Amino acid sequence: MMIEKILEFREEMEIQNKRIEEKQDDILREIAKVKENEKVSVELSEHIQTLREELARKREIALANKKSNKEKLKELHKSATLFKERLGLEIRKLRGDRLQFVFRCINPKDLEEPYSCIIYFNEEGEYQLTGCDPPLECIAEYEKKVRETKNFSALLANLRKSFAALCTQGK
């Protein structure tokens with residue numbers, strides 16, 4: 001009977017040992033998973049920190065650009081006011097991407113008399129001049145010249161001179 005009990009205990013011990021080994025294996029697997037999760041967590045934390053730093057840089061750049069654009073807009077507004085008041089040039093945005101340039105202070109008898117021309121870029125990205133009021137005969141020549149030279153200031157000066165010449169011819 002004693003031998004049977006010893007054998008029973010041995011079997012139970014072997015079963016317990018197998019269970020202990022299985023539990024140890026399970027614990028080792030869980031420890032490996034935890035370590036892997038910790039590693040992933042550290043990597044994600046580093047990635048998040050990198051993204052935060054990048055976002056902060058982009059915000060800083062955006063704020064600087066916004067400030068710069070505000071200053072440029074202020075300067076453009078000053079320039080537009082100067083052109084309108086001193087030089088008699090008004091720039092109007094029309095539908096699409098067309099701009100109408102209205103020249104004043106040309107006719108000495110009526111300084112408020114408008115002389116205008118519409119300028120835009122065509123499908124090929126070249127300057128296109130239309131809708132001159134009063135009509136100018138030299139518009140095709142000016143269009144060709146501005147396409148070649150890309151000198152927009154010269155175009156505006158030539159338009160003003162042509163309107164002035166047209167005004168003196170009308171006297």
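The shown structure was predicted, so the numbers you read here are calculated from the model rather than taken from an experiment.
- Leu63 has its side chain out of reach of Lys67: every pair of non-hydrogen atoms, C-beta onward, lies at least 4.5 Å apart.
- For the residue pair Pro108 and Ile106, the shortest heavy atom distance occurs at CD-O, 3.3 Å.
- The minimum heavy-atom distance between Gln100 and Leu94, with the atom names listed, is CB-CD1, 3.8 Å.
- Annotation: side chain of Thr130 is in contact with side chain of Arg98 (closest heavy-atom distance under 4.5 Å).
- The structure places CD1 of Ile118 at 10.0 Å from CZ of Arg92, a figure rounded to the nearest 0.5 Å.
- Ring pair Phe121/Tyr127 is tilted by interplanar angle, where 30° to 60° counts as tilted.
- Using modelled atom types, one side-chain atom of Ser45 and one backbone atom of Ser41 make a donor-acceptor pair closer than 3.5 Å.
- Between Lys23 and Asp26, no side-chain nitrogen of the basic residue sits less than 4.0 Å from a carboxylate oxygen of the acidic one, so the salt-bridge criterion is not met.
- In this structure, CG on Leu99 lies 11.0 Å from SG on Cys117, to the nearest 0.5 angstrom.
- Counting only distance, with no hydrogens or angles, the side chain of Arg104 and the backbone of Leu111 share no donor-acceptor pair below 3.5 Å.
- Counting heavy atoms from C-beta outward, Leu73 and His77 have side chains that stay 4.5 Å or more apart.
- Leu166 approaches Pro135 most closely through the heavy-atom pair CD2-O, 3.9 Å.
- Looking at Leu159 and Tyr142, their side chains come closer than 4.5 Å, going by heavy atoms from C-beta outward.
- Considering only residues two or more places apart in sequence or on other chains, Lys33 meets the salt bridge (charged side-chain N to carboxylate O under 4.0 Å, His left out) condition with Glu30.
- Contact annotation: the side chain of Leu155 approaches that of Ile119 to within less than 4.5 Å [non-hydrogen atoms, C-beta and beyond].
- With Gln128 contributing its side chain and Asn122 its backbone, the two residues share no donor-acceptor pair below 3.5 Å.
- Between atom SG of residue Cys167 and atom CZ of residue Arg160 there is a gap of 11.0 Å, rounded to the nearest 0.5 Å.
- For the atom pair CZ of Arg10 and CD1 of Ile3, the computed distance is 10.0 Å after rounding to the nearest 0.5 Å.
- Electrostatic pairing of Lys18 and Glu14 does not count as a salt bridge here, judged by no charged N lying under 4.0 Å from a carboxylate O.
- For the pair Gln16 and Arg19, the minimum side-chain heavy-atom distance is below 4.5 Å.
- Judged as a ring pair (Phe, Tyr, Trp, His ring centres under 6.0 Å), and not counting sequence neighbours, the contacts of Phe103 are Phe163.
- Using a cut-off of 4.0 Å between Lys/Arg side-chain N and Asp/Glu carboxylate O, Lys58 and Glu54 are scored as salt-bridged.
- The two residues Leu136 and Cys132 have their closest heavy-atom pair at N-CB, 4.2 Å.
- Side-chain contact check for Lys78 versus Glu75: some heavy-atom pair is nearer than 4.5 Å.
- Proximity of a side-chain donor or acceptor of Thr50 to a complementary backbone N or O of Glu46 within less than 3.5 Å is detected.
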